[in-house]
Amino acid sequence: MTAELIDGKAYAARVREKVRERVAALSAETGQSPGLAVVLVGQDPASEVYVRSKGKQALEAGMKSFEHRLPANTREAELLELIERLNEDPLVHGILVQLPLPAHLDPRQVINTISPVKDVDGFHTTNVGMVGTGQDAIVPCTPLGCMMMLRHYHDDFRGKTALVIGHSNVVGKPMGRLLLNADCTVMVAHKSSTNIPELARLADIVVVAAGVPGLVKADWIKPGATVIDVGINRIPAPEKGEGKHRLVGDVDFENVRKVAGAITPVPGGVGPMTIACLLANTLSAYCHLHQLPDEPLLLDEQDPS
Ligand code: GUN
């Protein structure tokens, strides 16, 4: 068997297009477009790339983009004041503070200062608690993107078993919650788990966000399982020339694809869905703040398969 490739790039393009169409229609109705504020503290090179991309894609979707770049030595009080101003700003519907923050800033305090209705990352304790108790709330972008892709292969999660590898607040924990909310039987493994291969062999769905290149091996995978690889690891690629690198996921892709039923590649799998879902969350926040109906952005029959 060779697994079907889950084309995250094509899914993400479709999500962005749906968001763009809805933004155009709603902006014409209300006279105001959704606004996304992105705050970057310091000059982490990877964060710079993400922030630029978030701003660019927001503009392409017809939204307003507000970028706030603060020096690495910004005091916490200053950052919290900025967030409070953005909370009050009627032009801003979504607020995102790029992580990681410099070490002297407390990410929990910073995130919990964002108004939960503008927390388009879904990281605020209120949103985490609401998702945890199965209520409608803003859902973190990467797990939301994974769920959108998984729904294409599993229209019913009942009776299915999933293994999530990694228990970060950004991916693993919310991913486990979303699958559980869909009545999937969920296992969450992490770096202290001792039996991950055995757990994986039970799983119809494996989602891995461990940050370990090639961690998931072919003999861990139940034939026909759906494998979602959230990992993005930059490893040396001497075959491309001296000092060159390439991106790989947390799955031994070339071997796992011979066993799995469907699999996301890296790059071009989960990655593009994250910003597409950020735009979808910003649109939802705008609808909520303007008391407009917020139709779920589920993918439909025109989606790539
Ligand atoms: N850093 C890496 N991923 C993310 C994300 O999804 N949101 C924020 N705010 N920071 C990140």
Side-chain angles (χ1 to χ4, degrees), residues 8 12 15-16 35-58 63 65-70 72 74 76 79-80 82-83 86-87 92-103 105-128 131 137-149 164 166-175 177-178 207-211 228-234 247 249-250 266-267 269-282 284-285:
V15 171
R16 287 198 305 270
L36 172 65
V38 178
V39 180
L40 174 63
V41 186
Q43 281 155 347
D44 177 70
S47 293
E48 296 258 9
V49 173
Y50 285 128
V51 163
R52 215 171 308 127
S53 193
K54 287 169 183 176
K56 179 168 170 278
Q57 292 192 35
M63 298 181 179
S65 165
F66 306 98
E67 265 183 44
H68 294 267
R69 289 168 179 269
L70 305 178
T74 299
E76 190 161 291
L79 177 57
L80 300 186
L82 168 63
I83 294 171
L86 296 172
N87 285 342
V92 172
H93 304 89
I95 303 170
L96 176 151
V97 178
Q98 187 66 28
L99 302 175
L101 287 168
L105 299 171
D106 173 9
R108 183 48 58 208
Q109 175 74 22
V110 169
I111 287 163
N112 280 342
T113 301
I114 299 172
S115 163
V117 292
K118 294 190 176 185
D119 164 41
V120 283
D121 262 327
F123 293 166
H124 191 289
T125 301
T126 297
N127 285 317
V128 174
V131 171
I138 304 181
V139 171
C141 304
T142 301
L144 178 60
C146 294
M147 281 304 279
M148 282 188 185
M149 293 192 289
V164 179
H167 68 342
S168 71
N169 291 328
V170 175
V171 184
K173 284 181 198 157
M175 189 73 234
R177 278 297 183 182
L178 293 178
V207 181
V208 55
I228 305 285
D229 189 351
V230 183
I232 302 179
N233 308 290
R234 205 164 160 264
L247 292 182
D250 291 350
V266 177
V270 175
M273 283 297 276
T274 297
I275 300 184
C277 289
L278 172 68
L279 302 178
N281 279 350
T282 305
S284 294

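Counting starts at 1 for both ligands and their atoms, following the listed order.
- Looking at N281 and C141, their side chains come closer than 4.5 Å, going by heavy atoms from C-beta outward.
- A side chain to side chain contact (heavy atoms under 4.5 Å, CB included) with C277 holds for exactly one of V120, L144, T282; it is L144.
- Under the side-chain hydrogen bond (donor to acceptor under 3.5 Å, both in side chains) criterion, D250 pairs with N233, sequence neighbours left out.
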Give a table of atom pairs where an N or O of ligand 1 lies under 3.5 Å from a protein N or O.
unit_1	atom_1	unit_2	atom_2	d
ligand 1	1 (N)	Q98	NE2	3.2
ligand 1	1 (N)	L99	O	2.8
ligand 1	7 (N)	D121	OD1	3.0
ligand 1	7 (N)	D121	OD2	3.3
ligand 1	9 (N)	V97	O	2.8
ligand 1	9 (N)	D121	OD2	2.6
ligand 1	10 (N)	L99	N	3.0

- List the steps and the verdict of salt bridge (Lys or Arg N to Asp or Glu O under 4.0 Å) for R52 and E67. CA-CA 9 Å; R52 215 171 308 127; E67 265 183 44; over 6 Å; no
- Query: Does the pair K173 and S168 meet the rule for a side-chain contact (heavy atoms from CB on, under 4.5 Å), with working shown?
  - Reply: CA-CA 6 Å; K173 284 181 198 157; S168 71; over 6 Å; no
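- We find the OG1-CD1 distance between T126 and I114 to be 11.5 Å, quoted to the nearest 0.5 Å.
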